[in-house]
**Student:** 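One structure, as structure tokens, below. Some questions next.
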Amino acid sequence: MIEYIKGELAELTPAQAVVEAHGVGYSLNISLNTYTAIQGQKEVKLYVHEVLLTGGRDDSYTLYGFNSKQEREIYRMLVTVSGVGGNTARMILSAMSPADLVNIISTGNEKALKGVKGIGLKTAQRIIVDLRDKMAASGLINDLGTESVAAAPGVNTEVRDEAVGALTMLGFSPAPSAKVVTEILQGTPDMPVEQVIKQALKLIK
């Protein structure tokens with residue numbers, strides 16, 4: 001079983017990456033999130049999910065590549081849901097970031113999921129029902145805050161992560177905590193972590 005492929009990024013399109021490792025070019029299906037993350041890089045490391053289909057006229061072997069273990073874990077969860085195949089799961093992860101998807105599922109936002117091409121109301125509801133507890137148990141929901149605001153400009157990531165972690169331990173949900181902490185730090189980048197937490201406690205709803 002292939003855990004990851006690390007090598008030279010030989011070719012890249014929004015849907016596919018070819019990584020050359022030790023003289024072998026591996027073609028991997030990717031999401032737009034992974035495409036954005038590795039665009040412009042010479043060397044990449046993609047976490048792999050393998051799909052082997054047998055029993056039909058032609059057997060097929062497909063590799064899916066992910067920039068992070070978290071995205072791969074979410075993909076693997078999505079394809080366990082009835083009605084969600086590999087391409088649909090990749091479509092979902094191309095329409096939103098892993099963190100946004102975890103947030104949508106944890107808050108039961110079926111409307112946002114239904115906005116993805118090919119996802120109807122029943123499928124959106126099934127994804128939320130099937131995966132909410134799994135994501136909580138795996139720690140994905142607790143990791144949401146740091147992931148969802150990782151690219152926010154003008155934010156001290158160390159202070160942000162510590163503040164969100166503290167608020168989560170106090171019983172607040174990671175997603176709204178991360179949003180409030182990010183807004184505070186964007187307005188006052190040099191605020192110490194204890195002041196950020198105190199301010200957030202007044203603002204979190």
**Student:** Does any part of the side chain of L78, heavy atoms only, come nearer than 4.5 Å to the side chain of L101, both counted from C-beta?
**Tutor:**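 The answer is yes, as the side chains (C-beta and beyond) meet within the 4.5 Å cut-off.
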**Student:** Do V51 and Y64 have side chains that approach each other closer than 4.5 Å (heavy atoms only, starting at C-beta)?
**Tutor:**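 Yes, side chains in contact.
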**Student:** With side chains defined as the heavy atoms from C-beta onward, is the minimum distance between V159 and V196 less than 4.5 Å?
**Tutor:** yes
**Student:** Kindly determine whether L131 and T80 satisfy side chain to side chain contact (heavy atoms under 4.5 Å, CB included), including the steps that lead there.
**Tutor:** CA-CA 9 Å; L131 300 188; T80 66; 4.2 Å; yes
**Student:** Side chains of Q41 and E8: closer than 4.5 Å at any heavy-atom pair?
**Tutor:** no
**Student:** Does the distance from a Lys or Arg side-chain N to an Asp or Glu carboxylate O, for K6 and E20, drop under 4.0 Å?
**Tutor:**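 Salt bridge absent between K6 and E20.
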**Student:** For E162, does the CD atom sit with more than 12 other heavy atoms under 6.0 Å from it, leaving out its own atoms?
**Tutor:** no
**Student:** Would you mind writing out the side-chain donor-acceptor pairs for residues 12-19 within the sub-3.5 Å range, not counting sequence neighbours?
**Tutor:**
unit_1, atom_1, unit_2, atom_2, d
T13, OG1, A15, N, 3.3
T13, OG1, Q16, N, 3.0
T13, OG1, Q16, O, 3.4
Q16, NE2, S27, OG, 2.8

**Student:** ring-ring contact (aromatic ring centres under 6.0 Å, His included) between Y75 and H49: does it pass, once the steps are laid out?
**Tutor:** CA-CA 9 Å; Y75 176 88; H49 175 74; 5.3 Å; yes
**Student:** Is there side-chain contact between L9 and K42, with heavy atoms separated by less than 4.5 Å?
**Tutor:**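 Side-chain contact under 4.5 Å: no.
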**Student:** Is N33 close to S94 at the side-chain level, that is, under 4.5 Å between some pair of heavy atoms?
**Tutor:** no
**Student:** Only one of I2, V48, V44, T34 forms a side chain to side chain contact (heavy atoms under 4.5 Å, CB included) with L28, so which one is it?
**Tutor:**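 The residue from I2, V48, V44, T34 that satisfies side chain to side chain contact (heavy atoms under 4.5 Å, CB included) with L28 turns out to be V48.
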**Student:** Side chain to side chain contact (heavy atoms under 4.5 Å, CB included) between E3 and R72: does it pass, once the steps are laid out?
**Tutor:** CA-CA 11 Å; E3 172 63 14; R72 181 179 65 179; 2.8 Å; yes
**Student:** Establish, from distance only, whether the side-chain atoms of E50 and T62 form a donor-acceptor pair under 3.5 Å.
**Tutor:**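 Side chains of E50 and T62: no pair found under 3.5 Å.
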**Student:** Under a 4.5 Å side-chain heavy-atom rule over Ile, Leu, Val, Met, Phe, Trp and Tyr, are Y47 and L93 clustered together?
**Tutor:** no
**Student:** Would you compute the distance between atom CG of L203 and atom CD of E183 and round it to the nearest 0.5 angstrom?
**Tutor:** 8.0 Å
**Student:** Please report the interatomic distance CG(D190) to CD(Q195), rounded to the nearest 0.5 Å.
**Tutor:** 13.0 Å
**Student:** Assess the residue pair N103 and T107 against the criterion (side chain to side chain contact (heavy atoms under 4.5 Å, CB included)); give the C-alpha distance rounded to whole Å, side-chain angles, the decisive distance to 0.1 Å, and a yes or no.
**Tutor:** CA-CA 6 Å; N103 184 24; T107 57; 3.5 Å; yes
**Student:** Closest heavy-atom contact between I5 and A21?
**Tutor:** CG2-CB, 4.3 Å
**Student:** Any heavy-atom pair between the side chains of M135 and S106 that's under 4.5 Å?
**Tutor:**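 A side-chain contact under 4.5 Å is absent here.
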**Student:** Any side-chain heavy atom of R90 within less than 4.5 Å of one from N29?
**Tutor:** yes
**Student:** Rounded to the nearest 0.5 Å, what's the gap from CE on M77 to CD1 on I105? Could you check?
**Tutor:**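 M77 atom CE to I105 atom CD1 measures 9.0 Å (nearest 0.5 Å).
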**Student:** Going from CD1 on I119 to CD1 on I92, what distance comes out if it is rounded to the nearest 0.5 angstrom?
**Tutor:**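 Reported value, rounded in 0.5 Å steps: 4.0 Å.
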**Student:** Treating Ile, Leu, Val, Met, Phe, Trp and Tyr as nodes and any side-chain heavy-atom pair under 4.5 angstrom as an edge, say whether V164 and L201 lie in one connected cluster.
**Tutor:** yes
**Student:** What distance separates I128 CD1 from T123 OG1, expressed to the nearest 0.5 Å?
**Tutor:** 11.0 Å
**Student:** Please say whether more than 12 non-hydrogen atoms of neighbouring residues, nucleotides or ligands are located less than 6.0 Å from OH in Y35.
**Tutor:** yes
**Student:** Nearest 0.5 Å please: distance from the CG atom of L32 over to the CD1 atom of I30.
**Tutor:** 8.0 Å
**Student:** After noting the C-alpha distance and the side-chain angles of E73 and K134, does the key distance pass the salt bridge (Lys or Arg N to Asp or Glu O under 4.0 Å) rule?
**Tutor:** CA-CA 11 Å; E73 184 177 2; K134 287 183 182 179; over 6 Å; no
**Student:** Going hydrophobic residue to hydrophobic residue with side-chain gaps under 4.5 angstrom, can you get from Y4 over to I74?
**Tutor:** no
